[in-house]
Amino acid sequence: MVKEIAVLSASDSGYTKEINLISWNGKEPKYDIRSFSPNREKCGKGITLTADEAVTLLKALQEELNSGD
């Protein structure tokens with residue numbers, strides 16, 4: 001893990017949904033969103049995004065959230 005960015009939510013069971021910057025096998029770090037058990041021994045399926053994909057997602061979410069729909 002390169003950088004812990006934010007905990008997006010926490011469940012009653014202690015699992016957290018997080019966004020982190022992660023690098024696997026020394027490759028370019030990517031943004032990673034997934035759930036982790038309280039002790040981080042288990043993790044759920046997640047999604048990884050390049051910096052360009054994260055920017056595109058951010059713009060889409062900003063447009064959606066500001067649309068008033």
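One is the number of the first residue; the rest follow in order along the sequence. Below, all heavy atoms of this structure are taken into account, side chains as well, without hydrogens, waters or symmetry copies.
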(message) Taking salt bridge (Lys or Arg N to Asp or Glu O under 4.0 Å) as the cut-off, I'd like each qualifying pair that reaches into residues 1-17, sequence neighbours left out, listed once.
(response) Glu4-Arg40
(message) What's the separation between atom CD1 in Ile19 and atom CG in Asp32, rounded to the nearest 0.5 Å?
(response) 8.5 Å
(message) Nearest 0.5 angstrom please: Ile33 CD1 to Leu49 CG, how far?
(response) 5.5 Å
(request) Would you mind reporting whether Phe36 and Lys42 have side-chain heavy atoms less than 4.5 Å apart? (result) no
(message) Any non-hydrogen side-chain atom of Thr48 less than 4.5 Å from a side-chain atom of Arg34?
(response) yes
Given the rule that I, L, V, M, F, W and Y join up when any side-chain heavy atoms are under 4.5 Å apart, are [X] and [Y] in one cluster?
{"X": "Leu58", "Y": "Ile5", "result": "no"}
{"X": "Val7", "Y": "Tyr31", "result": "no"}
{"X": "Ile47", "Y": "Leu61", "result": "yes"}

(request) Write down the atom of Ser35, the atom of Tyr15, and the distance for their closest heavy-atom approach. (result) CB-CD2, 4.4 Å
(request) Spell out, as yes or no, whether a donor-acceptor pair under 3.5 Å connects the side chain of Glu63 to the backbone of Ala60. (result) no
Distance-only donor-acceptor hits, side chain of residues 21-30, under 3.5 Å, sequence neighbours excluded:
residue	atom	partner	partner atom	Å
Ser23	OG	Lys27	N	3.4
Ser23	OG	Lys27	O	2.4

(request) Check whether the side chains of Ser37 and Asn39 place a donor and an acceptor atom closer than 3.5 Å, and report yes or no. (result) yes
